[in-house]
2 protein chains.
Amino acid sequence: MNNTYYAYEMPGVTVDLVLFTVNQDQLQVLLTRRAEEPFAGQWALPGGFLLKGESLEDAARRVMHDKTGVVDAYLEQLYTFGEPDRDPRNRIVTITYFALIPWQKLSRPGSRKVSEVSWFEAVRPPNLAFDHNRILGYAVNRLRAKAGYSNIAFGLLPEAFRLTELQRIYEVILEQPLDKRNFRKRILATGWLTETGAIDDSGAHRPARLYRFIKRDVEFSD
Amino acid sequence: MNNTYYAYEMPGVTVDLVLFTVNQDQLQVLLTRRAEEPFAGQWALPGGFLLKGESLEDAARRVMHDKTGVVDAYLEQLYTFGEPDRDPRNRIVTITYFALIPWQKLSRPGSRKVSEVSWFEAVRPPNLAFDHNRILGYAVNRLRAKAGYSNIAFGLLPEAFRLTELQRIYEVILEQPLDKRNFRKRILATGWLTETGAIDDSGAHRPARLYRFIKRDVEFSD
DNA sequence: CCAAAAGTGTTATTGATACACCCATGC
DNA sequence: GCATGGGTGTATCAATAACACTTTTGG
C-alpha cells in the first residue's frame, strides 16, 4: 500500500480502443496518426490516459466519443497489456476495449478533433505503434469467436436493417460465404429479431422487410 | 505523457488471483485473510502490487507461487477492474487472473507464508474485501462457460487420471450430473486424451485405465 | 425484358440425448 | 457374496448443411 517501496511499480494507466465498423464489405478499424514521440507519425489505436474519478469504461467511451462523435455503441473490455517494455519510455499498462459502430452512424469519416484519424482494413493493417498490431489481432480474433455464438454482430447495424445486410456483416467478419436460406432460418430461430413492419423499397429490386434487434442478451462472463 | 497534469490519474496497479481447485466434489477458491486496513481481518483474493520489470502474468504467477508453492499451473487473464471507488483509500486498478490447480499438487492445504490462507467453497464464499465477491463471481462464470467448449478442466487434474475423475470435475464445475456413457464417448472423440497404459488398481473395485491430456489447444481470443 | 436482390422447403447428415446391465477387484 | 466403481451400445431426436428456383421492383 505504501508507494515509496523501491520495488513497486507505479505504471501509467491508459485505455486503448479497437473501434470496428463494417463498410464496403470490409471489416475496418479506426486508427490515429501519432503526433508525438514515441512512434511520432505512425498509426496507432486511439487511446488516452485515465482521468481522475473516471471508470475504465468511461475512459473508453470518452475516447470513442472524441474520435467519432458516437456515444452509445457496443463496448466491451478486451484484454490488458502490461509487458514491461511495451512503451519505450515509461512503464504503461493499457486496458483495451473493443467497440462496434454501425457505419451509418458515422456522420464524418474521420474525426472532429484536430488529430488525424482514418479507417483501415482491420485484417491488413499498417505497421502500428507500440504493440498495437498484436492488440488489433487479438481483437479481430475475439470478434470472430463471438460472431459464432453471440448476437454481437448487431452492434454493426443501424436500428432497422434487411436480413441480407445482417448476413453480409457475418460474412465479412467470418471471411466466408453463408447460405442464405440456412442463415435466415437460424437467425430467425434465435428470437433476436422482429420485423419492424416497415419495408425498404429504395433499391432497384424487390423491396425488403426491415427487422430490428429485440434486446441484448445478458452479458456472460467472457 | 506528463504526469504533472492535474486531471490524470496515477492509480496503483495490482494483480489479484482467483485460484481454483476441485476437492471433495467442491469447487474451491483460495482466500487470504487481510492483516491490514482497509478490510483488516476480512477474507480477500490473494494479490499484490506489480513489481518493477515484472509482467502482469509474472506477477500473477508470483502470487500463486507464494501462496501455494505451485508454479506451472494453468493461468489466464480474467478481467480488469478499475472503478474509481473500489478501494476506499487510493485509486487502484487491478488486473485479475484465474488459475487452476490440481488438488493433488497442493502439498500444503494452506500457505508457506505467514499470512493466513484457506480454501473456501467458490459458489458460497464469505463476504470478501473490496469488490472481490464480484470478481469471484465473474471468475466462476468464466470457468463454467469455458468448461462447456474447451479443455480447461484438465488444469484441475494430475498428469494421469481416470475418466471418472475427469467426469466428476465437469460435474462439479457445471453443477449438474452427466451421463457416464455419453461423457466418455464425447471426451474420447475430442482426441484430447490418450491412455497412459498404466492402470489404477488402488481402489476396492475394478481397476481403471489411466489417461493423460495430450496438449493444450492453441489459445483463442477467448 | 433485363438486372438485382428478396424470399422460400426438403432431404441428408451429424451430433446430442436417453437409457441399463455386466465386470473386476477388495474385503 | 457384497460393495464399489469400471466399462460398454443402441435408438431417438435435434441441429446443421447442402441445394435452386420464383418473386418483386426499377430502369
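As the structure is a computational prediction, the values presented were derived from the model and not from experiment. Sequence lines set the chain letters: A, B, ... in the order given, protein chains first and strands last, and positions in each chain run from 1.
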S.K.: On DNA chain C, which is the earliest and which the latest nucleotide, 5' to 3', with an atom closer than 4.0 Å to a heavy atom of chain A?
M.R.: C:dA3 to C:dT10
S.K.: Rounded to whole angstrom units, what separation is found between the NZ atom of A:K180 and the P atom of D:dT23?
M.R.: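 Result: 14 Å.
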S.K.: Please work out which of the three classes, parallel, tilted or perpendicular, describes the rings of B:F213 and B:F154, given edges at 30° and 60°.
M.R.: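 Aromatic pair B:F154/B:F213 classed parallel.
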S.K.: Would you indicate whether B:E195, at its atom CD, is surrounded by more than 12 heavy atoms from other residues, nucleotides or ligands within a distance under 6.0 Å?
M.R.: yes
S.K.: After noting the C-alpha distance and the side-chain angles of B:D179 and B:K185, does the key distance pass the salt bridge (Lys or Arg N to Asp or Glu O under 4.0 Å) rule?
M.R.: CA-CA 10 Å; B:D179 178 86; B:K185 229 183 306 170; over 6 Å; no
S.K.: Check the pair B:Q26, B:Q24 against side chain to side chain donor-acceptor pair (under 3.5 Å), reporting the backbone distance first and the verdict last.
M.R.: CA-CA 5 Å; B:Q26 269 192 358; B:Q24 297 177 321; over 6 Å; no
S.K.: Do the rings of A:F81 and A:Y138 sit parallel, tilted or perpendicular, given the 30° and 60° boundaries?
M.R.: perpendicular
S.K.: Tell me which residues in residues 158-177 of chain B put a heavy atom below 4.0 Å from DNA chain C, sorted by number, or none.
M.R.: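 Those residues whose heavy atoms fall under 4.0 Å from DNA chain C, taken from residues 158-177 of chain B, amount to none.
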S.K.: Just N and O in the side chain of B:R209: are any of them under 4.0 Å from OP1 or OP2 of D:dG6?
M.R.: no
S.K.: What integer distance in Å separates A:I199:CD1 from D:dT24:C1'?
M.R.: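 Rounded to the whole Å, the gap is 10 Å.
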S.K.: Of all of residues 181-188 of chain B, which get a heavy atom below 4.0 angstrom from DNA chain D, listed by number?
M.R.: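 Residues of residues 181-188 of chain B that come under 4.0 Å of DNA chain D are, in numerical order, B:R181, B:N182, B:R184, B:K185.
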S.K.: Tell me if the CZ atom of A:R144 is crowded by more than 12 foreign heavy atoms within 6.0 Å.
M.R.: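 For A:R144, atom CZ is crowded (more than 12 foreign heavy atoms under 6.0 Å).
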S.K.: Using whole Å, report how far CG of A:D179 lies from C1' of D:dA17.
M.R.: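 Between C1' of D:dA17 and CG of A:D179: 8 Å.
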S.K.: Using heavy atoms to find the nearest nucleotide of DNA chain D for A:A204 and B:R206 separately, return the residue whose nucleotide is more 5′.
M.R.: B:R206
S.K.: I'd like to know whether CZ of B:R168 has more than 12 heavy-atom contacts from other residues, nucleotides or ligands below 6.0 angstrom.
M.R.: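 No, CZ of B:R168 has 12 or fewer neighbouring heavy atoms, counting only those of other groups under 6.0 Å.
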S.K.: Identify whether any heavy atom of A:D201 sits under 4.0 Å from a base atom; if not, whether one sits that close to sugar-phosphate; answer base, sugar-phosphate or nothing.
M.R.: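 Answer is nothing: A:D201 stays at 4.0 Å or more from every strand.
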S.K.: For the CD atom on A:Q176, are there more than 12 heavy atoms of other groups (residues, nucleotides or ligands in this structure) within a distance under 6.0 Å?
M.R.: yes
S.K.: Against A:P11, only a single residue in B:V93, B:L56, B:L50 fulfils side-chain contact (heavy atoms from CB on, under 4.5 Å); can you say which?
M.R.: B:L50
S.K.: Below 4.5 Å, heavy atoms only, C-beta onward: do A:T190 and A:N151 meet side chain to side chain?
M.R.: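 A side-chain contact is absent here, since even the closest heavy-atom pair is not under 4.5 Å.
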S.K.: Using a cut-off of 6.0 Å, state whether more than 12 heavy atoms not belonging to B:Q104 lie near its atom CD.
M.R.: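 Enclosed.
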